Colleague: 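Can you keep this structure in mind? I'll have questions shortly.
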Protein chains: 2
Amino acid sequence: MQTIKDVAALAGVSDRTVSRVVNGEPNISSKTRARVEEAIARLNYIPNLAARMVRTNRSGVIGLITDVVSTTPNSVEIIRGVQERVSQANQSLLIANTSGTAEGEKRVWRTFQEHRIDGVLFATMYHHEIDFDPNMHNIPAVLVNCFAARANVPAVVPDDRDGGYAAARHALDKGHTSIAFVTLNPLILASSLRREGFARAMAEAGVPIREEWIVPGISGAIGSETMQAYAAARQLLDAPAASRPTIILAGNDEIAMQCMFAAASLGLGIPNDIAIVGFDDFRMISEQVVPPLTTVALPYYQIGVRAADRLFALLAGADEQPTVERLPCPLVQRAST
Amino acid sequence: MQTIKDVAALAGVSDRTVSRVVNGEPNISSKTRARVEEAIARLNYIPNLAARMVRTNRSGVIGLITDVVSTTPNSVEIIRGVQERVSQANQSLLIANTSGTAEGEKRVWRTFQEHRIDGVLFATMYHHEIDFDPNMHNIPAVLVNCFAARANVPAVVPDDRDGGYAAARHALDKGHTSIAFVTLNPLILASSLRREGFARAMAEAGVPIREEWIVPGISGAIGSETMQAYAAARQLLDAPAASRPTIILAGNDEIAMQCMFAAASLGLGIPNDIAIVGFDDFRMISEQVVPPLTTVALPYYQIGVRAADRLFALLAGADEQPTVERLPCPLVQRAST
DNA sequence: TCTAAAAATGTCGACGTCGACAATGTGATG
DNA sequence: CATCACATTGTCGACGTCGACATTTTTAGA
């Protein structure tokens with residue numbers, strides 16, 4: 001592999017001058033620059049980042065730790081968003097996942113430290129609170145889709161409350177007042193947040209909430225939950241038109257899909273007999289069900305972008321106050337409402 | 001950050017001895033090793049990979065190039081499989097994607113070369129033939145979910161033909177003879193392969209193929225295709241019981257899902273009135289539709305594992321003959337058949 | 001006990017790059 | 001034409017590690 005010295009020899013200058021050209025330093029005569037650049041091109045020289053790093057002690061690498069997020073389809077978008085910014089900043093992205101185990105997490109941190117990464121993004125599959133001590137690893141970090149319990153760590157999360165509000169608001173705007181809510185597992189943070197937003201919108205509109213129409217579509221301990229949205233929806237819908245809901249807000253798109261199957265099994269048409277609103281905007285479902293699903297989009301791509309931005313700001317010493325940043329969840333209107 | 005010399009000083013040995021301990025070299029007295037290890041632990045010393053690399057000229061980093069694969073949910077499993085092996089081998093994984101553009105691909109290769117990665121996995125979203133010249137970049141490479149047109153490059157792909165065969169075989173085993181096939185976009189390689197497998201199973205069983213029951217569920221130029229599985233399935237199923245198929249094989253799980261909606265819209269029960277077999281085993285769909293979907297699983301995780309294995313073999317100089325390796329697509333039985 | 005082989009440890013320098021500083025070239029000014 | 005400021009280029013060595021080789025210590029056999 002060619003080194004900076006080979007280039008220097010060919011161009012007839014010192015290696016230091018080549019280094020200056022490569023790094024775009026000022027005060028190079030345009031004639032010299034041209035000669036060096038030609039030599040670089042001719043030799044197909046590519047700088048050795050490792051050597052640079054040994055010298056400068058900055059790696060230009062950002063680490064992304066995921067619990068199992070890189071495994072879960074809906075949050076792959078986070079990675080895309082991060083990558084977008086990382087490559088814009090001419091840095092590289094090292095991805096590792098902990099498999100959700102403490103041992104795995106230890107291994108990952110070690111790898112990152114061996115690489116002397118400049119900063120870390122820590123992403124989780126579910127939006128939830130975690131126990132994260134930023135001082136433990138001594139590497140600038142931004143949390144993604146989660147936030148720190150004790151410490152003050154910058155974090156970027158979806159505004160689930162806002163999303164729940166948007167879903168309910170949409171139902172109300174469409175003139176519905178008989179509104180059911182088939183929720184996520186109540187143990188999940190997103191579940192309560194979305195429900196809060198829902199409740200606020202209902203209160204604002206002065207529409208009473210029918211508690212018996214708020215039922216879990218998923219339940220059980222995390223990690224071994226059961227899906228029961230189909231049964232729940234059937235029970236809600238198996239009633240005379242006058243005494244059943246006219247719209248179902250679903251905790252996520254899978255729940256919404258099961259609700260659609262339930263409606264179909266009862267011969268109810270969507271959206272005329274029963275309207276349905278999903279959550280997450282997981283395209284493979286929301287765009288492919290029949291009819292396509294109106295749903296609240298989780299801004300995963302944007303979350304990735306913002307998280308990367310904030311990390312770079314942190315690295316640049318921009319004194320961004322460490323806070324939890326909540327990104328809005330916009331409603332995507334399709335044919336199910 | 002602590003260096004090997006700090007450790008050496010604390011342990012009262014030479015830095016070279018510490019290096020030997022760190023790298024597990026033989027011929028170290030257990031007493032010395034213990035002293036060194038204690039010093040390492042006490043100082044929380046972590047080796048500097050960049051420095052090691054400058055010296056040894058091996059980076060311990062594998063690059064994964066994806067076109068947009070890291071974006072697509074179903075093949076995230078590839079990444080998981082790769083990561084499994086990479087971390088087992090104590091290496092790191094650098095992931096980059098080309099966004100599908102030539103410019104992006106160039107950028108990614110440059111990044112990889114700057115990092116002096118040891119080898120590359122090149123993964124694509126769709127199983128298809130690509131134009132890949134292994135000599136161009138001069139880095140050992142294994143193709144994933146694609147294969148090289150001209151050159152002889154090791155590749156790992158799903159055996160779509162085998163999968164099509166498995167689906168048809170399953171239908172036949174269940175006693176069906178009125179078998180319809182709602183296919184992928186015919187322009188896609190997987191589409192023809194799956195269909196070939198289907199045809200072979202039918203021929204072997206001596207069951208004639210009804211050409212009018214083989215209809216595309218997706219069509220249009222790649223990148224701007226339209227989904228029409230729902231309409232296609234309705235047309236197939238909107239007929240008296242005697243003159244309609246008893247089972248539909250779907251080109252993928254999304255198509256299968258649309259077929260299920262079509263069946264429901266006609267008041268047909270699954271699997272009694274009409275059975276349905278999917279393809280891909282994309283869990284978010286296959287496990288959540290009602291009833292859960294019998295489907296042919298794409299072995300993405302295994303593909304990732306094998307690809308990584310072959311790359312390491314290549315790096316170790318094991319003269320694995322460069323061939324396309326096809327991994328089987330097992331049928332997953334659920335309630336839709 | 002002595003000797004040779006094997007085991008354990010140390011010394012030195014190079015890997016490719018860039019920071020610190022030195023040296024040279026260039027042009028403007030008086 | 002001397003002087004000075006500034007632009008341009010070069011020299012040297014260090015970053016942290018490990019390969020090559022040298023030296024010292026231990027072990028085994030006679």
Side-chain angles (χ1 to χ4, degrees), chain A residues 1-40 43-61 90 92 110-118, chain B residues 1-40 43-61 90 92 110-118:
Chain A
M1 184 63 63
Q2 317 294 346
T3 77
I4 209 169
K5 286 182 184 162
D6 300 320
V7 176
L10 180 60
V13 297
S14 78
D15 56 350
R16 194 61 187 77
T17 297
V18 176
S19 170
R20 282 194 255 264
V21 171
V22 169
N23 292 290
E25 291 177 29
N27 297 335
I28 298 280
S29 76
S30 51
K31 210 175 58 184
T32 305
R33 165 172 290 118
R35 269 227 311 292
V36 170
E37 277 169 349
E38 198 208 309
I40 288 176
L43 293 178
N44 193 24
Y45 164 73
I46 296 185
N48 184 329
L49 287 189
R52 175 179 295 169
M53 186 198 148
V54 169
R55 191 67 188 77
T56 63
N57 216 26
R58 289 200 91 222
S59 64
V61 178
N90 237 323
S92 305
R110 184 180 169 85
T111 301
F112 281 2
Q113 290 181 306
E114 285 176 344
H115 282 279
R116 304 291 193 267
I117 60 170
D118 295 333
Chain B
M1 184 63 64
Q2 317 294 348
T3 77
I4 209 170
K5 286 182 183 159
D6 300 321
V7 176
L10 180 60
V13 298
S14 78
D15 55 349
R16 194 61 187 77
T17 298
V18 175
S19 171
R20 282 193 255 265
V21 171
V22 168
N23 293 290
E25 291 176 31
N27 299 334
I28 298 280
S29 76
S30 51
K31 210 176 58 183
T32 305
R33 165 170 291 119
R35 268 228 311 292
V36 170
E37 277 169 351
E38 198 208 308
I40 287 176
L43 293 178
N44 191 24
Y45 164 73
I46 295 184
N48 183 331
L49 288 188
R52 174 178 298 169
M53 185 197 147
V54 168
R55 191 68 189 76
T56 63
N57 217 26
R58 289 199 91 223
S59 63
V61 177
N90 237 323
S92 305
R110 185 180 168 85
T111 301
F112 281 2
Q113 291 181 304
E114 286 175 344
H115 282 278
R116 303 290 193 269
I117 60 171
D118 296 333

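Everything quoted here is computed from the prediction, not taken from an experiment. In the text below, chain A, chain B and the rest are named by the order of the sequence lines, each starting its count at 1.
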Colleague: Got a sec? Which of residues 47-56 of chain B come in under 4.0 Å of DNA chain C, heavy atoms?
Modeller: B:Val54, B:Arg55
Colleague: For residues A:Arg33 and A:Val21, report the shortest heavy-atom separation together with the two atoms involved.
Modeller: CA-CG2, 4.3 Å
Colleague: Would you mind telling me which residue lines up with the more 5' stretch of DNA chain C, B:Pro26 or B:Arg116, judged by nearest nucleotide?
Modeller: B:Pro26
Colleague: Measuring to OP1 and OP2 of D:dA7, would you say a side-chain N or O of A:Ser29 lies under 4.0 angstrom away?
Modeller: no
Colleague: Atom NZ of B:Lys5 to atom P of D:dC15: distance rounded to whole Å?
Modeller: 7 Å
Colleague: Could you tell me if the side chain of A:Asn48 sits less than 4.5 Å from the side chain of A:Thr3, heavy atoms only?
Modeller: no
Colleague: Looking at B:Gln113 and A:Ile46, what are the two nearest heavy atoms and their distance?
Modeller: OE1-CD1, 3.2 Å
Colleague: Measuring from the side chain of B:Val13 (C-beta onward, heavy atoms only), which nucleotide among C:dA8, C:dG10, D:dT8 has the closest atom?
Modeller: C:dG10
Colleague: Looking only at heavy atoms, which two atoms of A:Met1 and A:Asp6 are closest? And how far apart?
Modeller: O-OD2, 4.3 Å
Colleague: Would you kindly give the CZ-to-C1' distance between B:Arg58 and C:dC15, to the nearest whole Å?
Modeller: 16 Å
Colleague: Given C:dA7, is OP1 or OP2 found less than 4.0 Å from the side-chain N or O atoms of B:Asn27?
Modeller: no
Colleague: Can you identify which nucleotide, out of D:dT8, D:dT11, D:dT9, has its nearest atom closest to the A:Thr32 side chain?
Modeller: D:dT9
Colleague: Rounded to whole Å, how long is the line connecting atom CG of A:Asn23 with atom P of C:dG16?
Modeller: 17 Å
Colleague: Measure from CZ on A:Arg35 to P on D:dT8 and round the result to the nearest Å.
Modeller: 14 Å
Colleague: I want to check something: taking the side chain as every heavy atom from C-beta on, are A:His115 and A:Val61 in contact at a cut-off of under 4.5 Å?
Modeller: no
Colleague: C:dA20, D:dG19, C:dG16: which one has an atom nearest the side-chain heavy atoms of A:Thr3?
Modeller: C:dG16
Colleague: If you compare all heavy atoms of A:Val22 against all heavy atoms of A:Arg52, which two are closest, and at what distance to 0.1 Å?
Modeller: CG1-NH2, 3.7 Å
Colleague: Using atom CD of B:Glu25 as one end and atom C1' of C:dA7 as the other, report the distance to the nearest whole Å.
Modeller: 14 Å
Colleague: Identify the two heavy atoms, one from B:Val36 and one from B:Val7, that lie closest to each other, and give their separation to 0.1 Å.
Modeller: O-CG1, 4.2 Å
Colleague: Check every atom of D:dT9, D:dA20, C:dT17 against the side chain of A:Thr17 and return the nucleotide holding the closest atom.
Modeller: D:dT9
Colleague: In Å, rounded to the nearest 0.5 Å, how long is the span from CD1 of A:Ile40 to CD1 of A:Ile4?
Modeller: 8.0 Å
Colleague: To check you understand the geometry: which heavy-atom pair defines the closest contact between A:Pro47 and B:Arg116, and what is its length?
Modeller: O-NH1, 3.3 Å
Colleague: Can you check the A:His115 NE2 to D:dG16 C1' distance for me, whole Å?
Modeller: 16 Å
Colleague: Between atom CD1 in B:Ile4 and atom C1' in C:dT11, what is the gap in whole Å?
Modeller: 14 Å
Colleague: Quick check: on DNA chain C, is the nucleotide nearest B:Arg16 upstream (toward 5') of the one nearest B:Asn57, or the reverse? Name the residue that is more 5'.
Modeller: B:Arg16
Colleague: Counting primed atoms plus P, OP1 and OP2 as sugar-phosphate and everything else as base, spell out the protein contacts along nucleotides 22-27 of chain D at 4.0 Å heavy-atom distance: B, S or - for each nucleotide, 5' to 3'.
Modeller: ------
Colleague: State whether the side chain of B:Arg35 and the backbone N or O of B:Ala11 hold a donor-acceptor pair below 3.5 Å, judged by distance alone.
Modeller: yes
Colleague: Quickly work out the A:Met1 CE to C:dT17 C1' distance and round it to whole Å.
Modeller: 15 Å
